[in-house]
Colleague: 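Sending over a structure as structure tokens; questions will come in a sec.
Reminder, nothing fancy here: chain letters follow the sequence lines and each chain counts from 1.
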2 protein chains.
Amino acid sequence: MKRKSVTSRDVAKLAGVSQSAVSRSFSSDAKVAEKTRKKVMAAARELGYRPNSIARSLITRSSRTIAVVTYSLDNPFYAFMLEKASRFFQQQGYHLLLFFAPSDRGFDTVIDEIIRSQVEGVLLLAITLDNAQAEEVADFGIPVVIINRTVNYAGISQVGSDNFSGGYWAGQHLASLGHRRIAYLAGLPDSSTDHQRHAGFIEGLATMGAACHALEVGNYRYTDACDATRRLFAAKSPPDALFCANDVMAIAAMETMRHEFGLMVPNDVSVIGFDDVPMASWPSHSLTTLQQPVDQMIMKATELLMGQIHQTDTTPEHVTLPVTPKLRSSTQRLAR
Amino acid sequence: MKRKSVTSRDVAKLAGVSQSAVSRSFSSDAKVAEKTRKKVMAAARELGYRPNSIARSLITRSSRTIAVVTYSLDNPFYAFMLEKASRFFQQQGYHLLLFFAPSDRGFDTVIDEIIRSQVEGVLLLAITLDNAQAEEVADFGIPVVIINRTVNYAGISQVGSDNFSGGYWAGQHLASLGHRRIAYLAGLPDSSTDHQRHAGFIEGLATMGAACHALEVGNYRYTDACDATRRLFAAKSPPDALFCANDVMAIAAMETMRHEFGLMVPNDVSVIGFDDVPMASWPSHSLTTLQQPVDQMIMKATELLMGQIHQTDTTPEHVTLPVTPKLRSSTQRLAR
DNA sequence: ATGAAAGCGCTAACAT
DNA sequence: ATGTTAGCGCTTTCAT
């Protein structure tokens with residue numbers, strides 16, 4: 001049975017106190033006699049009263065809400081981050097408003113919704129803002145932290161890992177293993193992570209006098225990566241080593257090579273991924289990869305956001321955390 | 001630079017109209033002359049005005065917000081569902097408040113937050129409510145839909161798939177393949193899904209005159225499932241077939257059997273999972289499993305929730321959707 | 001310590 | 001079509 005919303009006024013009447021006494025009884029830093037609070041709580045329980053957070057937010061002008069925006073959850077790396085970050089905010093007494101970036105433009109609508117919602121902070125998972133968008137949000141004084149993308153805007157904090165160095169290590173390592181036809185399986189072509197990993201890779205190869213043998217785009221997605229792999233290995237001169245811009249694609253590539261091309265990893269082809277998702281360490285894949293420090297990234301990002309929310313004088317930071325090569329059995333020295 | 005919050009009043013002043021004209025200009029079903037709206041919009045743009053959703057919600061008494069509660073995102077099955085459901089609500093103009101069920105009790109706190117937030121509906125992903133909790137929420141007239149768990153409370157809708165039949169098929173199929181030592185790798189011991197899959201399994205085995213050879217608990221989690229598998233195969237009489245209550249555990253079991261016990265799947269052991277997550281169809285795993293109709297489940301659940309939000313006379317439904325056996329290569333007839 | 005009163009920023013009658 | 005008025009349910013001075 002639907003209760004007609006009970007207000008603090010109703011509770012006050014029943015308890016025989018003023019409405020503000022009720023309000024005080026429900027706030028932690030109360031200047032209320034223990035006796036009145038008891039009375040109020042009893043009345044509240046009887047009526048099934050719950051303070052209306054919306055009314056509270058309106059008057060205190062604080063929503064205690066964080067918006068998290070993400071692109072997709074089918075990369076476990078981001079699902080994990082979302083969970084971690086959410087639990088953190090929840091524990092801090094914040095609510096979490098979740099938005100998915102629409103594929104078909106319309107991202108400005110999301111920004112508008114976020115602003116209207118009076119959120120106190122925005123966390124962007126693998127999403128970036130163009131200058132107009134950044135300015136729009138900044139103009140309202142809403143702190144923003146971006147994870148795993150860069151922005152062209154000084155007012156916004158970002159935390160990511162050292163993609164360039166990761167790519168560099170991958171390139172150098174594969175070349176030093178004696179591979180000659182080293183290919184790149186690219187992520188989203190317009191993402192900063194892809195650019196940086198790619199650039200590092202090229203440079204790492206260069207230190208060994210090598211160059212990128214072939215490149216196909218997998219958009220950081222499993223099925224796209226399967227297709228890209230097919231193109232790569234159907235070529236006249238197929239790769240003998242492959243650096244993939246993330247683990248999901250690396251696993252897709254290994255599956256495709258093994259089961260459609262009858263190739264062995266690492267005997268015929270060495271493979272390196274990026275992220276170190278849990279799956280990467282499963283024995284079937286045992287993927288050599290570059291570990292991103294997820295926990296640190298989340299910690300830093302949430303810390304930054306909280307800092308900017310609480311002290312308005314905090315200056316935005318651009319944090320780059322180190323990646324760690326994880327040597328597993330998807331790479332080996334080229335058999336002569 | 002932080003703009004001091006601009007209100008509709010400010011816009012009204014600048015546009016030379018009344019405050020309510022501003023309000024009307026920002027509502028779709030407007031009784032406003034095109035000319036006034038133009039003026040208002042111009043002034044709004046100049047000041048950077050955005051309607052405050054909180055104030056709007058307070059007066060309209062509708063938050064246009066749905067709460068989604070989940071336990072964890074490390075099963076891709078639920079990550080996928082969350083994304084699907086979120087996108088749906090977002091597209092319908094609803095906001096999504098995300099909560100993670102705290103492991104250490106404290107779930108009542110989440111319920112309290114949900115009620116205070118004035119959400120219009122609650123979607124529970126693989127989470128159930130005890131009677132007191134169900135009553136609490138129902139008392140406030142908040143529609144609730146539970147996915148993949150059952151409730152002991154008539155006022156709440158639930159949608160799930162036919163776990164019993166799935167288990168039944170698995171038991172019967174494994175027995176009919178000639179296996180004699182068929183074990184069960186259980187999910188969370190107190191979940192309805194586990195009970196039903198288990199019960200169906202036992203019954204399915206029984207039709208073939210077989211019984212469950214061994215049981216270990218994997219809590220629906222990868223690492224727990226690895227441990228459970230070790231226990232299962234370290235036994236004097238290890239299984240020759242295994243039904244796992246979900247795909248994640250089935251994959252964990254296959255990894256462990258293959259790489260720690262040197263067993264072949266399906267030659268030495270047949271394995272069946274449950275869910276049909278994308279990973280299950282990857283060639284390395286090629287897992288025979290019971291496909292849950294995720295899309296239908298989400299569609300039905302969101303439809304039910306929307307129905308209950310919009311017509312208060314909608315009666316709660318308990319929907320059970322059929323599962324589909326997906327025969328892949330993790331099962332085969334026992335070699336004689 | 002408590003109550004009265006004044007709004008938070010908006011929508012929705014009600015007049016005009 | 002537009003303005004005036006009265007709140008939505010709460011927090012927060014300000015007196016007492």
Side-chain angles (χ1 to χ4, degrees), chain A residues 3-41 43-44 47-65 95 112-113 115-120 140, chain B residues 3-41 43-44 47-65 95 112-113 115-120 140:
Chain A
R3 235 164 222 158
K4 198 85 221 86
S5 65
V6 178
T7 74
S8 57
R9 205 162 222 96
D10 301 326
V11 177
K13 199 175 303 167
L14 180 60
V17 297
S18 77
Q19 182 268 331
S20 39
V22 176
S23 171
R24 285 186 187 107
S25 302
F26 274 88
S27 86
S28 41
D29 49 301
K31 298 126 75 63
V32 204
E34 202 41 51
K35 217 178 80 188
T36 13
R37 159 175 262 136
K38 281 262 165 58
K39 270 196 303 189
V40 168
M41 288 313 184
L47 297 176
Y49 167 74
R50 305 290 172 116
N52 180 329
S53 304
I54 292 183
R56 180 171 208 290
S57 292
L58 181 60
I59 194 161
T60 60
R61 274 148 165 146
S62 82
S63 61
R64 289 198 76 79
T65 297
H95 286 171
D112 190 49
E113 286 300 325
I115 295 174
R116 294 184 181 210
S117 301
Q118 316 291 117
V119 302
E120 299 184 14
F140 285 86
Chain B
R3 237 165 221 157
K4 197 85 223 90
S5 64
V6 179
T7 73
S8 57
R9 205 163 222 94
D10 302 324
V11 176
K13 200 174 301 167
L14 180 61
V17 298
S18 77
Q19 183 268 331
S20 40
V22 176
S23 170
R24 285 186 187 107
S25 302
F26 275 89
S27 86
S28 41
D29 49 302
K31 298 126 76 63
V32 206
E34 203 41 50
K35 217 178 80 187
T36 3
R37 160 175 261 136
K38 281 261 165 58
K39 271 196 301 189
V40 168
M41 288 312 183
L47 296 176
Y49 168 75
R50 307 290 172 115
N52 180 329
S53 303
I54 293 183
R56 180 171 208 291
S57 292
L58 182 60
I59 194 163
T60 61
R61 279 164 173 115
S62 82
S63 61
R64 290 198 75 79
T65 297
H95 286 170
D112 190 50
E113 286 301 324
I115 294 174
R116 294 184 181 211
S117 300
Q118 317 291 115
V119 302
E120 299 184 13
F140 285 86

Colleague: In whole angstrom, what separates B:R9's CZ from D:dG3's C1'?
Modeller: 12 Å
Colleague: Round to a whole Å and report the spacing from NZ of A:K39 to P of C:dA1.
Modeller: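 Whole-Å distance recorded here is 15 Å.
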Colleague: In whole angstroms, how far is the P atom of C:dG9 from the CG atom of B:D10?
Modeller: 9 Å
Colleague: Distance check: side-chain N/O of B:S5 vs OP1/OP2 of C:dG9, anything under 4.0 Å?
Modeller: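 Yes, within the criterion.
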Colleague: Nearest whole angstrom, please: distance from the C1' of D:dT4 to the CZ of B:R24.
Modeller: 10 Å
Colleague: Spell out, as yes or no, whether a donor-acceptor pair under 3.5 Å connects the side chain of B:R37 to the backbone of B:S25.
Modeller: yes
Colleague: Would you classify B:V17 as touching base, sugar-phosphate or nothing, given that sugar-phosphate means primed atoms plus P, OP1 and OP2, and contacts are heavy atoms under 4.0 Å?
Modeller: sugar-phosphate
Colleague: Side chain of A:P51: nearest nucleotide among D:dG7, D:dC10, D:dA1?
Modeller: D:dC10
Colleague: Quick one: pull up CD in A:E120 and NE2 in A:H95 and give me the separation to the nearest 0.5 Å.
Modeller: 11.0 Å
Colleague: Does the base of D:dG9 carry an N or O that pairs as donor and acceptor with the side chain of A:R50 under 3.5 Å?
Modeller: no
Colleague: Measure from the side-chain heavy atoms of B:S20 and tell me the nearest of C:dC10, D:dT2, C:dA12.
Modeller: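 Of the candidates, C:dA12 comes closest.
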Colleague: Which residue, A:F26 or B:A55, contacts DNA chain D at a nucleotide closer to its 5' end, judged by nearest heavy atom?
Modeller: B:A55
Colleague: Among A:V6, A:L14, A:D10, exactly one meets side-chain contact (heavy atoms from CB on, under 4.5 Å) together with A:Y49. Which residue is that?
Modeller: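 So, applying the side-chain contact (heavy atoms from CB on, under 4.5 Å) to A:Y49 and each of A:V6, A:L14, A:D10, only A:V6 qualifies.
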Colleague: In whole angstrom, give the distance that lies between atom CG of A:L58 and atom P of C:dT11.
Modeller: 12 Å
Colleague: Using a 3.5 Å distance criterion without hydrogens, assess whether the side chain of A:T7 forms a donor-acceptor pair with backbone atoms of A:R9.
Modeller: yes
Colleague: For the residue pair A:V22 and A:S8, what are the closest heavy atoms and their distance?
Modeller: CG2-O, 3.6 Å
Colleague: Between C:dC10, D:dC10, C:dT2, which nucleotide gets closest to the side-chain atoms of A:T7?
Modeller: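 Closest of the options to the side chain of A:T7: D:dC10.
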Colleague: Rounded to the nearest Å, what distance is computed from the NZ atom of residue B:K31 to the P atom of nucleotide C:dT16?
Modeller: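 Atom NZ in B:K31 sits about 17 Å away from atom P in C:dT16.
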Colleague: Heavy atoms from C-beta onward define the side chain here; which of C:dC10, D:dT11, D:dC14 lies closest to that of A:Q19?
Modeller: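 So the nucleotide nearest the side chain must be D:dT11.
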Colleague: Once hydrogens and angles are ignored, does a donor-acceptor distance under 3.5 Å link the base of C:dG9 to the side chain of A:R61?
Modeller: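 Under the 3.5 Å cut-off, the side chain and the base do not form any donor-acceptor pair.
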Colleague: Please name the pair of heavy atoms, one in A:A21 and one in A:V40, separated by the smallest distance, quoted to 0.1 Å.
Modeller: O-CG2, 4.5 Å
Colleague: Mind checking B:T36 for me? I need base, sugar-phosphate or nothing, with any heavy atom below 4.0 Å counting as a touch.
Modeller: sugar-phosphate
Colleague: Can you tell me the distance, in whole Å, between the CZ atom of B:R116 and the P atom of D:dC8?
Modeller: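 Checked: the CZ to P distance equals 21 Å.
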Colleague: Look at all strands and tell whether B:S23 reaches a base, only sugar-phosphate, or nothing, counting heavy atoms closer than 4.0 Å.
Modeller: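 Counting heavy atoms under 4.0 Å across all strands, the contact made by B:S23 includes a base.
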Colleague: From the options C:dT2, C:dC10, D:dT4, select the nucleotide whose nearest atom is closest to the side chain of B:S18.
Modeller: D:dT4
Colleague: Let's see if you can work this out: which of D:dT2, D:dC10, D:dT12 has an atom nearest to the side-chain heavy atoms of A:T60?
Modeller: D:dT12
Colleague: How long is the line joining CD1 of B:I59 and P of D:dG9, in whole Å?
Modeller: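 So the CD1-P distance, B:I59 to D:dG9, works out to 10 Å.
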Colleague: Tell me which nucleotide among D:dC10, C:dG9, C:dG3 gets nearest to the side chain of A:A21.
Modeller: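 The answer is C:dG3, which lies nearest to the side chain.
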Colleague: Side chain of B:R56: nearest nucleotide among D:dT2, D:dC10, C:dC10?
Modeller: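 My answer, after comparing the listed nucleotides, is C:dC10.
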